[in-house]
There are 2 protein chains.
Amino acid sequence: MDGEHAEMVRLLWGPHPRPARGPRPTLDLPRIARAGIEIADAEGLADVSMQRVAERLGVTKMALYRYVPGKAQLVALMVEAAIGPCPAPAPGRPPGGWREQLESWARQLLALFLQHSWVLAATVGPRVQGPGELSWLERAVSALDGTGLTGAERMDAAVLLVGHVRGITQQAHASGGPAGNPEAQLGAILGDLIQSHGESYPALTAAFASAVESDGQDQAWEFGLQRILDGLAALIDRRAASPRP
Amino acid sequence: MDGEHAEMVRLLWGPHPRPARGPRPTLDLPRIARAGIEIADAEGLADVSMQRVAERLGVTKMALYRYVPGKAQLVALMVEAAIGPCPAPAPGRPPGGWREQLESWARQLLALFLQHSWVLAATVGPRVQGPGELSWLERAVSALDGTGLTGAERMDAAVLLVGHVRGITQQAHASGGPAGNPEAQLGAILGDLIQSHGESYPALTAAFASAVESDGQDQAWEFGLQRILDGLAALIDRRAASPRP
DNA sequence: TGATTACTGTGTACCTTAGACGCAGTTGTT
DNA sequence: AACAACTGCGTCTAAGGTACACAGTAATCA
């Protein structure tokens with residue numbers, strides 16, 4: 001029927017039966033994914049090619065096709081392996097309220113995206129999600145259990161947070177992360193453009209001037225995160241005050 | 001110094017001096033951008049190649065390089081042309097408070113992203129923004145003038161909203177938009193996966209069951225939008241109650 | 001044991017795409 | 001008329017994804 005997606009599902013969700021006969025496979029899916037991730041982490045997603053991954057594994061590129069039907073599937077495997085399952089909360093510690101749980105969850109997710117910034121580009125557009133990725137969603141939704149939100153609303157809240165994580169990752173990646181790194185020029189270019197066309201962008205000019213004093217990325221992250229959580233809290237409180245039928 | 005980005009800036013921000021001598025150019029940047037946009041709208045970003053764009057314009061692909069230094073720059077032009085300048089508010093009507101302004105702004109931006117869903121994929125990673133794109137940011141930031149937020153905070157709020165627009169676009173695009181369209185299978189696949197691994201995803205199972213009754217995309221969009229605006233309102237009110245030095 | 005069968009990695013194609021380079025023609029300037 | 005600056009174009013290279021047929025290997029079965 002679809003074919004395209006079916007391959008993805010089988011690859012990401014298994015099962016992966018060991019071949020009964022024939023030579024032992026030299027590789028396996030986790031090793032392939034790891035090789036791709038190492039290249040992407042070090043040199044970016046654009047430098048991940050069948051060739052480069054195969055080289056790093058000591059085989060020819062065609063050998064990879066014995067394990068992975070195509071490049072799209074390889075990238076999907078990389079994403080799933082890089083994200084991995086959502087870490088369980090420390091069993092000794094009390095879990096805390098929904099707000100602490102979601103906040104910690106979002107921070108962990110952001111750390112992941114910052115560590116593997118190529119994941120952002122690899123997860124645009126329609127695609128099949130893997131079990132690890134879904135486990136992250138599961139934890140976020142379950143953190144909102146008992147808040148009076150509907151199932152759809154809990155899901156929407158999780159999606160909202162993921163959107164913020166992605167937005168900050170994008171921005172951090174664009175302005176060159178911490179400081180003084182090779183991509184920091186983009187921030188400078190933007191500043192120059194705004195300044196040299198200042199009459200068209202008065203609000204931005206003022207905002208930029210004010211922004212140089214604050215911490216940039218960190219501030220944007222915290223600001224958005226707290227605004228989202230505040231907004232959720234407002235709704236949850238309202239619901240608690242006047243429950244619906 | 002950078003070269004890469006300088007080309008982008010010159011292309012997006014001008015000036016574009018008419019050549020004094022030689023044959024009349026057959027093409028111009030807006031026409032090229034439009035051709036690319038038409039292909040991307042109809043067949044997706046992946047089908048935009050120098051070849052295809054040139055064909056549609058009735059020239060060979062090498063002719064394009066007389067106008068655009070490379071494919072990256074062509075895509076940047078497409079993005080800038082597709083987004084365009086932020087429409088000015090109707091001059092007769094009163095502008096309304098910050099909340100109405102931002103809400104309307106976000107809706108217009110979402111409509112744009114939904115109309116040209118490839119823009120999402122074309123704007124991941126570090127890149128130079130064009131004047132039109134910045135005008136959108138300008139309007140959002142200026143809508144928050146006089147709210148007591150700092151410049152950095154106004155910018156962060158705009159980024160937060162953009163993140164939500166992008167998140168919803170991504171989701172809408174993935175679950176196949178309205179319904180019954182070719183990509184709607186992905187939603188079905190996800191549902192199947194959650195159901196067949198239900199014991200691992202109890203919260204998602206419940207949330208999905210509840211979600212089928214609501215409107216899906218629309219609901220997620222409205223939910224996130226209102227939560228963000230609520231969160232902003234909470235902060236603005238707090239600031240108004242106890243202004244900082 | 002030997003034949004069969006299902007697998008392995010590999011070399012050799014082919015196609016598409018981005019881009020470099022040089023040529024011939026066109027047009028305003030000198 | 002000669003020149004300089006430009007145009008669009010044909011040719012070429014390199015890289016990437018992928019189809020396919022081949023030779024070798026290991027478990028199964030006659």
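Distance CZ (Arg31(B)) to P (dG8(D)): 11 Å, rounded to an integer number of Å. Atom CE in Met62(B) sits roughly 16 Å away from atom C1' in dA24(C) (whole-Å rounding). The separation between Met50(B) atom CE and dT16(C) atom C1' is 14 Å, rounded to whole Å. Note: CZ (Arg66(B)) to C1' (dT26(C)) measures 13 Å, nearest angstrom. With rounding to whole Å, Asp47(B) atom CG is found 13 Å from dT16(C) atom P. Rounded to whole angstrom, the span from the CD atom of Gln73(A) across to the P atom of dT18(D) amounts to 8 Å. Between Leu74(A) atom CG and dT18(D) atom C1' there is a gap of 14 Å when expressed in whole angstrom units. For the pair Leu27(A) CG and dT10(C) P, the interatomic distance rounds to 9 Å; values are reported in whole Å.
With the nearest nucleotide of DNA chain C identified for both Tyr65(B) and Arg24(B), Tyr65(B) has the one nearer the 5' end. With the nearest nucleotide of DNA chain D identified for both Pro23(A) and Lys71(A), Lys71(A) has the one nearer the 5' end. Annotation: of the two residues near DNA chain C, Lys61(A) and Leu64(A), the 5′-most nearest-nucleotide partner is Leu64(A).
Ranking dT8(C), dT17(C), dC9(D) by closeness to the Thr60(B) side chain, first place goes to dC9(D). The side chain of Arg21(B) lies closest to dT29(C) when the candidates are dG17(D), dC9(D), dT29(C). Here dG16(D) is the nucleotide among dG16(D), dT7(D), dC7(C) with the atom lying nearest to any side-chain atom of Ser49(A).
Ala63(A) comes within contact range of at least one nucleobase, with a heavy-atom separation under 4.0 Å.
Under 4.0 Å is where a charged nitrogen must lie from a carboxylate oxygen, and between Glu55(B) and Lys61(B) no such pair does.
When each of Val141(B), Val162(B), Leu112(B) is paired with Trp136(B), the side-chain contact (heavy atoms from CB on, under 4.5 Å) condition holds for Leu112(B) and for no other. Each of Glu133(B), Gln129(B), Arg166(B) was evaluated against Thr123(B); a single residue qualifies, Arg166(B), per the side-chain hydrogen bond (donor to acceptor under 3.5 Å, both in side chains) test.
For the residue pair Ser142(B) and Arg154(B), no side-chain donor N or O sits within less than 3.5 Å of a side-chain acceptor on the partner.
Contact check for Leu109(B) versus Cys86(B): no side-chain heavy atoms found under the 4.5 Å cut-off.
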